[in-house]
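Residue numbers start from 1 in every chain, and the chains themselves are labelled A, B, ... in the order their sequence lines are given, proteins ahead of strands. Computed from a prediction, not measured in an experiment: that's the story for all the values here.
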2 protein chains.
Amino acid sequence: MDEDKTTRVTVRNITDLARLAGVSPGTVSRALAGKSLVNTKTREKIEALAREHGFRPNQMASGLRRQKTGVIGVVIPLGHDSRQQISDSFFMTLLGHLADELTREGYDLMLRRVVPEDDADWLDRFIGSGMIDGVIVIGQSDQFDRIEDVADGYGPMVVWGNHTEGQRHCVVGTDNRLGGRLAAERLIAAGATRLAFLGDTTAMEFAARFAGAQDIASRMGLPPIITLPTHLSPDRASEEIAQHLAARASQIDGIFAATDTLAALCLTELRACGIAVPGDMKLAGFDDLPIARQTVPPLTTVRQDIAAGARGLVDLLLRRLAGEKTESLVLPPQLVVRATT
Amino acid sequence: MDEDKTTRVTVRNITDLARLAGVSPGTVSRALAGKSLVNTKTREKIEALAREHGFRPNQMASGLRRQKTGVIGVVIPLGHDSRQQISDSFFMTLLGHLADELTREGYDLMLRRVVPEDDADWLDRFIGSGMIDGVIVIGQSDQFDRIEDVADGYGPMVVWGNHTEGQRHCVVGTDNRLGGRLAAERLIAAGATRLAFLGDTTAMEFAARFAGAQDIASRMGLPPIITLPTHLSPDRASEEIAQHLAARASQIDGIFAATDTLAALCLTELRACGIAVPGDMKLAGFDDLPIARQTVPPLTTVRQDIAAGARGLVDLLLRRLAGEKTESLVLPPQLVVRATT
DNA sequence: GTGAAAGCGCTAACAC
DNA sequence: GTGTTAGCGCTTTCAC
């Protein structure tokens with residue numbers, strides 16, 4: 001008769017299970033958490049029962065009690081440019097790798113996309129929610145100062161972005177300035193002398209890429225690099241690129257695009273204008289996304305090691321979670337020469 | 001002297017705040033939750049104090065008590081093909097839109113990528129974690145049956161994928177079979193008579209696309225469409241496509257690729273083989289990702305409306321959360337003719 | 001090796 | 001309109 005009851009019971013919590021197993025809730029908790037001191041037989045019985053009833057401990061309750069959630073927040077601040085940074089391939093790919101790394105370390109990932117101008121409080125709000133043990137910020141956008149402010153009072157935060165001398169938040173990112181130098185050197189080696197930078201230089205990472213390119217232009221005694229600002233969403237960017245080309249193409253013979261996405265768009269517009277690449281115009285991108293291999297001609301670009309970036313972010317975050325004070329991690333960019341230079 | 005203390009105090013919870021405000025925890029809770037019956041002055045005082053101390057209520061505790069978390073789980077099952085479906089552009093773009101929609105509805109998003117063959121229990125585990133109010137599954141992968149099993153006992157679940165007559169789980173997706181028909185019709189209209197399907201037909205969505213194309217081939221009295229299976233990761237796919245072309249290119253004059261990503265890769269390989277598109281070979285893709293506009297020549301493809309898909313998923317999920325029993329949503333595909341047919 | 005009991009921070013009856 | 005109280009489901013001393 002006991003069996004009759006047993007099979008019909010729904011197990012909502014650890015106490016129900018304990019009743020079924022004829023032990024106390026504490027023991028069930030210990031058994032299910034894989035804690036040391038539980039009799040093997042007792043443990044097996046409890047595990048069997050749990051499996052049979054498809055029971056798993058409530059993470060919210062566990063989190064509340066233990067004061068840790070097992071969840072890492074990942075937040076993508078969308079700058080001025082807000083919408084449609086959405087599909088920025090680079091960030092999305094980084095996100096995919098982050099998901100893998102965090103999963104492997106036993107953490108869940110809580111994703112938040114925020115528009116800082118609508119919500120000045122975005123970072124504190126996320127951190128203060130009590131839902132996450134730590135936070136990874138993907139991209140500094142135009143929020144450098146806000147992130148700096150938070151860094152003083154909150155340890156478990158790591159940011160993907162650009163490293164600036166003396167900054168207080170822990171950052172992982174490619175050496176953008178060096179990357180910019182590599183790109184410019186290559187463009188010049190391929191014969192370009194009048195360079196342009198394609199992309200919005202208010203974003204720190206892009207500004208550093210531009211600055212690196214300018215370093216080289218200056219050193220070589222070339223005229224200053226002109227900037228061709230664009231938005232990041234493909235639709236607007238295409239249009240803006242077309243306008244830039246119409247106005248400036250005759251003044252330049254080399255373009256350094258802030259990202260491969262922009263470079264690919266630019267290539268399409270150049271083709272539309274009848275400007276030969278690399279004959280009339282050299283072109284270099286940044287990121288080395290899959291698309292860089294598929295453009296016609298294939299794109300010369302500066303590779304960022306996305307997988308290493310994700311590993312770095314997670315590794316540093318875990319160490320900060322453990323109380324360590326970590327330094328920032330700056331990854332080396334790598335020039336990949338293909339056929340547009 | 002009271003002020004001296006006040007400014008130094010750290011506010012860890014609602015009780016601390018209550019003490020500072022000279023009210024009870026209950027009142028603070030009501031005030032911060034924007035509940036109806038709180039004196040305006042009391043509320044303002046509490047809000048001011050909360051702001052001053054950067055306090056926000058702990059969501060885990062609130063969630064535990066209210067038996068809802070304000071979090072929606074989004075899970076991406078990685079089929080056989082496991083790794084590197086990572087960066088599948090379509091899923092990533094869909095995820096971006098989902099993040100937007102959920103945020104707009106006041107929900108947070110918990111992201112999980114799972115490898116079903118390593119963890120048969122992936123879906124139950126996620127649902128049973130107590131961390132999420134509902135779940136969106138992105139892609140059925142090869143897990144159709146498992147999802148069906150769960151659907152019977154768990155309401156708040158919506159799946160992106162293919163709709164099959166009589167299925168029990170609520171799905172949102174494009175009419176893949178119709179999309180396949182559109183692609184095949186176009187390839188044939190452009191002069192192709194011997195078609196191939198490029199991609200892995202064990203995935204349901206792809207199988208339906210293939211079936212749609214085959215519908216048309218049969219109706220037109222053409223020979224059966226041959227299948228050219230590939231993996232999804234760009235590296236392996238490129239290689240496989242090259243092999244397929246070496247072996248079969250002479251037998252076919254039209255290729256329907258399961259996705260734009262595959263189509264773009266295929267275009268690159270066709271170029272490498274010296275096969276002219278659309279002269280010697282017609283080509284059509286599926287998805288209408290940004291890359292479809294940037295290939296050379298630009299790709300004829302079948303558009304899926306990703307934003308509408310995301311809206312549909314969230315809308316249906318919210319209604320299910322409210323207890324409604326919703327039907328599946330099948331979205332119409334749209335043929336986009338460019339220059340590869 | 002196991003049970004009993006206190007509480008993590010919050011909310012929602014129920015009083016008044 | 002506000003205070004009081006009893007938990008949400010779990011973990012973890014502290015006993016034994």
Side-chain angles (χ1 to χ4, degrees), chain A residues 9-47 49-50 53-71 106 108 125 127-133, chain B residues 9-47 49-50 53-71 106 108 125 127-133:
Chain A
V9 153
T10 41
V11 179
R12 313 213 146 287
N13 54 39
I14 229 170
T15 311
D16 290 351
L17 232 215
R19 198 166 13 244
L20 250 52
V23 297
S24 76
T27 302
V28 173
S29 173
R30 286 184 278 253
L32 261 28
K35 284 291 169 82
S36 41
L37 304 190
V38 183
N39 183 316
T40 314
K41 283 200 131 168
T42 318
R43 153 170 289 128
E44 279 165 3
K45 182 174 184 182
I46 292 173
E47 283 169 347
L49 244 19
H53 291 272
F55 171 79
R56 25 216 133 226
N58 182 312
Q59 303 249 83
M60 302 288 280
S62 161
L64 179 58
R65 173 64 231 236
R66 300 172 44 221
Q67 297 291 75
K68 42 166 38 188
T69 64
V71 179
D108 266 311
R125 193 204 296 295
I127 291 169
S129 70
M131 294 277 277
I132 58 178
D133 291 341
Chain B
V9 153
T10 41
V11 180
R12 312 212 147 287
N13 53 40
I14 230 171
T15 312
D16 291 350
L17 232 214
R19 198 163 17 241
L20 250 52
V23 297
S24 76
T27 302
V28 173
S29 173
R30 287 183 277 253
L32 261 28
K35 286 290 171 84
S36 41
L37 303 190
V38 183
N39 183 315
T40 314
K41 282 199 131 171
T42 318
R43 155 170 287 131
E44 281 165 1
K45 183 176 185 180
I46 292 173
E47 282 170 347
L49 244 19
H53 292 272
F55 171 79
R56 28 217 133 225
N58 182 314
Q59 302 250 83
M60 301 288 278
S62 162
L64 179 57
R65 175 62 233 242
R66 300 170 43 219
Q67 298 291 74
K68 43 167 35 191
T69 65
V71 180
D108 265 311
R125 193 202 295 296
I127 290 169
S129 71
M131 294 278 276
I132 58 177
D133 291 340

*Asks:* Holding to side chain to side chain contact (heavy atoms under 4.5 Å, CB included), I want the full list of residues that pass it with A:Asn13, two or more places apart in sequence or in another chain.
*Replies:* A:Thr15, A:Asp16
*Asks:* By salt bridge (charged side-chain N to carboxylate O under 4.0 Å, His left out), which residues pair with B:Arg56, not counting sequence neighbours?
*Replies:* A:Asp121
*Asks:* If you find the nucleotide of DNA chain D closest to B:Val38 and the one closest to B:Arg65, which residue's nucleotide is nearer the 5' end?
*Replies:* B:Val38
*Asks:* Could I get the full list of side chain to side chain contact (heavy atoms under 4.5 Å, CB included) partners for A:Thr69, not counting sequence neighbours?
*Replies:* A:Val71, A:Asp133, B:Met60
*Asks:* Between the axis at one end of the helix from C:dG1-D:dC16 to C:dC16-D:dG1 and the axis at the other (five pairs apiece), what's the angle to 10 degrees?
*Replies:* 30°
*Asks:* Reading DNA chain D 5' to 3', which nucleotide is the first, and which the last, to come under 4.0 Å of any heavy atom in chain A?
*Replies:* D:dG9 to D:dT13
*Asks:* Can you sort out the partners of A:Arg65 under side-chain hydrogen bond (donor to acceptor under 3.5 Å, both in side chains), two or more places apart, ordered by chain and number?
*Replies:* none
*Asks:* Both B:Met60 and B:Gly26 contact DNA chain C. Which one's nearest nucleotide lies toward the 5' end?
*Replies:* B:Met60
*Asks:* Can you sort out the partners of A:Ser129 under side chain to side chain contact (heavy atoms under 4.5 Å, CB included), two or more places apart, ordered by chain and number?
*Replies:* A:Met131, B:Gln59
*Asks:* How would you list, by chain and number, every residue that makes a side-chain hydrogen bond (donor to acceptor under 3.5 Å, both in side chains) with B:Arg43, sequence neighbours excluded?
*Replies:* none
*Asks:* Looking at residues at least two apart in the chain, or sitting in another chain, which of them share a side-chain hydrogen bond (donor to acceptor under 3.5 Å, both in side chains) with A:Ser29?
*Replies:* none
*Asks:* For A:Asn58, what residues pass the side-chain hydrogen bond (donor to acceptor under 3.5 Å, both in side chains) criterion, not counting sequence neighbours?
*Replies:* none
*Asks:* Mind checking salt bridge (charged side-chain N to carboxylate O under 4.0 Å, His left out) for B:Arg125 and listing every partner two or more places apart, or none if nothing turns up?
*Replies:* B:Asp119
*Asks:* Nucleotide range of DNA chain C contacted by chain B, 5' to 3', under 4.0 Å to a heavy atom?
*Replies:* C:dG9 to C:dA13
